[in-house]
Amino acid sequence: MADPSVVLSERFAGALASLDETLRGADPVVRRSDRADYQVNGSMALAKKTGRPPRDLAQEIVDRVELADIAHPPEIAGPGFINVTLQDAFLARALQETADDPALGVTPAAITETVVVDYSAPNVAKEMHVGHLRSSIIGDALVRVLEFVGHQVIRQNHLGDWGTPFGMLIEHLLSVGEAEAANELSVGDLGRFYQEARAEFDANPDFADRARRRVVALQAGDPQTLRLWKLLVDESSRYFTAVYGRLGVKLGPDDQAGESMYNPMLADTMAELERLGLLVESDGAQCVFPPGFTTREGNPLPLIVRKSDGGFGYDTTDLAAIRYRLRDLGATHVIYVVGAPQREHLEMIIETARLAGWLRPPARAEHVAFGSVLGADRKMFRTRAGGSIRLVDLLDEAVERARQIVADRTSLSPDEAVTVSEAVGIGAVKYADLSNDRVKDYAFDWDRMLDFQGNTGPYLQYAHTRVRSIFGQAAARGIDVSDVGPALEFAPAERRLALEILSFDGAVHATEESLAPHRLCTYLFELATAFTDFYESCPVLRADTDEQRRSRLFLADLTARVLAQGLDLLGIAAPERM
Ligand code: ARG
């Protein structure tokens, strides 16, 4: 069962096409409305195209549209809006189909694609910061949504595991001692490890010299150096995997496709660019100048394929990566979930892939950018001492704050309180991130994100448990809940809730198309709000008739299922009790 607004859009689009050839493919603009179930708002804009007065056009549309099987005769309002009210029998049928569907009415994507999602991508032996938090959370929600509508998703964690810093990191590893270094890295003391290496490099010319020679040995494949490098990578990965586990992010060792993976492909990638005539020498470096990218002074901006010292860098790796994803992994859609500051770099990579013929329509690649996390003062989010905030410290604090709230507000057993605090704390951080339009910056605000009121994670988790608790009460009172189903008539609050439930399909697809998880958040918040209104005005267990109770239990159960499924698509746990 598709979202009724989708069905209405199709029917109205059909009417438009049959009415006037110029209106073929036009969007009738179907929206939910307070006046009726749905309002069709397109007549005004389309009237101009056909030269008809809007109300006349609306009348012609109404005369032609075929809705007899699903809705009451449409009404024209105002300057040419068309109000549509569904028949209760249709509503009941749609709800029953949704309940019988494991996907809760979400239709599979029309074309299933192989989608590569590049996300998280922290750097080895370096602390994960809030930017990696955003990439991990947003990327993971997108992966879940894409998979849910049937795409084949290949997760790629483009770890920063190669490059010049590894000379100094390996030398530092040797001065600290392997065992101690492994210990620091696996427990997540990455910040200290990196900073000490950096300090030593800056202060000690001898060390800096060794570090430089170490880079050469690493690139030459010296076995001892590679072994030490691998130790750094493995210990850091162990730590990253632990963070993903805690965050509920579906990234494991199998999804790791770090920069080093592309080493064997770099020479070939460069040779191909050379053959295609895309390489230009500039100050001793081999570059690609994709048209349309310039420096502030208006000079063409290069991607550096090979540096003047003969080395390959970040640009080359990303070129090899996009080629591999399109050509070898067979992706038709490549998504980079990376902070906004890398916009130009990624656009240049994508443009070069086009020039090289690796990226050909219908295949596409896009940068799914996100803004910064700000502190309450609207400046970059930092510790009091001015340092960048460690991701794990943030999660610990979230769970600790949630623990206090859960202890104050609920009467859970100590064991349950531990699990629920973890779910609420982590869920609050994730939801606060996902519910903001990703391209904008947002201010990190503990009190707001942990509030049980408003568009927050805890509110939705709580709403879910509240619905579930109805079934606990029913069991306690010996009320049979096994045989539930929609009534043939709906009170206004029931109707609003029903229409929200049926909008899940549209919300998931809107999220998929825009790659904007906040669309799904807004939807879930509206669903929870509709449930609250319903619950206030429609007694469930104390309903007047059996039929009404069966129907309200049915709506409640379906609401809980959609909430839990929606939260799961965001990567947020939905505890059964709170
Ligand atoms: N490791 C990089 C960073 O921390 C992000 C990599 C993003 N992905 C990519 N294909 N360039 O900034």
Side-chain angles (χ1 to χ4, degrees), residues 115-140 142-143 153-166 169 188 190-191 193-195 198 232-233 236-237 239-241 243-244 247 249 251 255-263 265-266 269 288 290 293 303-305 312-329 331 333-353 358-359 364-373 380-381 388-391 438 515:
V115 188
V116 162
V117 184
D118 177 325
Y119 72 113
S120 193
N123 303 312
V124 162
K126 224 174 161 179
E127 193 53 66
M128 280 175 105
H129 54 67
V130 284
H132 298 118
L133 171 77
R134 295 214 71 188
S135 178
S136 306
I137 293 175
I138 296 167
D140 204 58
L142 295 178
V143 165
V153 180
I154 305 175
R155 298 184 271 270
Q156 297 277 279
N157 191 355
H158 195 83
L159 277 191
D161 65 356
W162 198 255
T164 42
F166 282 88
L169 291 166
L190 280 66
F193 188 87
Y194 193 92
Q195 273 153 26
R198 178 90 246 173
L232 288 173
V233 176
S236 303
S237 310
Y239 168 67
F240 296 145
T241 302
V243 174
Y244 297 142
L247 271 176
V249 160
L251 273 175
D255 306 313
Q256 241 174 60
E259 295 177 11
S260 66
M261 190 184 98
Y262 300 99
N263 287 346
M265 308 174 205
L266 300 178
T269 304
V288 178
F293 297 91
L303 279 177
I304 300 176
V305 180
F312 296 119
Y314 192 59
D315 290 355
T316 329
T317 307
D318 260 325
L319 287 171
I322 196 168
R323 176 172 173 259
Y324 170 78
R325 290 164 182 179
L326 292 162
R327 214 185 53 172
D328 302 84
L329 296 179
H333 193 184
V334 181
I335 293 171
Y336 295 91
V337 188
V338 181
Q342 294 195 44
R343 183 182 62 83
E344 193 161 60
H345 164 74
L346 291 167
E347 281 180 355
M348 288 171 78
I349 295 290
I350 292 169
E351 188 50 33
T352 303
W358 305 327
L359 179 61
R364 62 209 192 283
E366 61 190 307
H367 176 204
V368 169
F370 52 82
S372 309
V373 183
M380 288 305 258
F381 193 40
S388 65
I389 291 178
R390 288 202 330 157
L391 182 76
R438 63 175 161 72
L515 301 173

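In each ligand, atom 1 is the first atom listed, and ligand 1 is the first ligand listed. For reference, positions follow the sequence shown, starting with 1.
- Looking only at distances, a side-chain donor or acceptor of R134 sits under 3.5 Å from a matching main-chain atom of G371.
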Please walk me through it: do V305 and D315 pass side chain to side chain contact (heavy atoms under 4.5 Å, CB included)?
-> CA-CA 6 Å; V305 180; D315 290 355; over 6 Å; no
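- Inspection of the Y239 and E127 side chains reveals an N or O donor paired with an N or O acceptor under 3.5 Å.
- Checking only distances, H345 never comes within under 3.5 Å of ligand 1, N or O to N or O.
- Side-chain N/O atoms of Y324 and Q156 include no donor and acceptor closer than 3.5 Å.
- Between F240 and the options M128, H132, Q256, a side chain to side chain contact (heavy atoms under 4.5 Å, CB included) holds for only M128.
- Atom NE2 of H345 is separated from atom CG of L303 by 7.0 Å, given to the nearest 0.5 angstrom.
- Of the protein's non-hydrogen atoms, the one nearest atom 8 (N) of ligand 1 is D118 OD1, 3.3 Å.
- Considering both main-chain and side-chain atoms, Q342 comes within under 3.5 Å of ligand 1 through a nitrogen or oxygen pair.
- Interface atoms of ligand 1 facing V338, defined by a heavy-atom separation under 4.0 Å, are 7 (C), 8 (N).
- Taking distance alone, with nitrogen or oxygen atoms compared against 3.5 Å, R325 stays at or beyond that limit from ligand 1.
- Neither the backbone nor the side chain of L159 comes within contact range of ligand 1; no heavy atom lies under 4.0 Å.
- A donor and an acceptor atom, one from each side chain of Y244 and N157, are located under 3.5 Å apart.
- Using a 4.0 angstrom heavy-atom cutoff, E259 does not count as in contact with ligand 1.
- Ligand-side atoms of ligand 1 in range of Y314: 2 (C), 5 (C), 6 (C), 7 (C), 9 (C), 11 (N), range being under 4.0 angstrom from any heavy atom.
- At the shortest separation from atom 4 (O) of ligand 1 among protein heavy atoms lies H132 NE2, 2.9 Å.
- Ligand 1 has an N or O atom lying under 3.5 Å from an N or O atom of A121, backbone or side chain.
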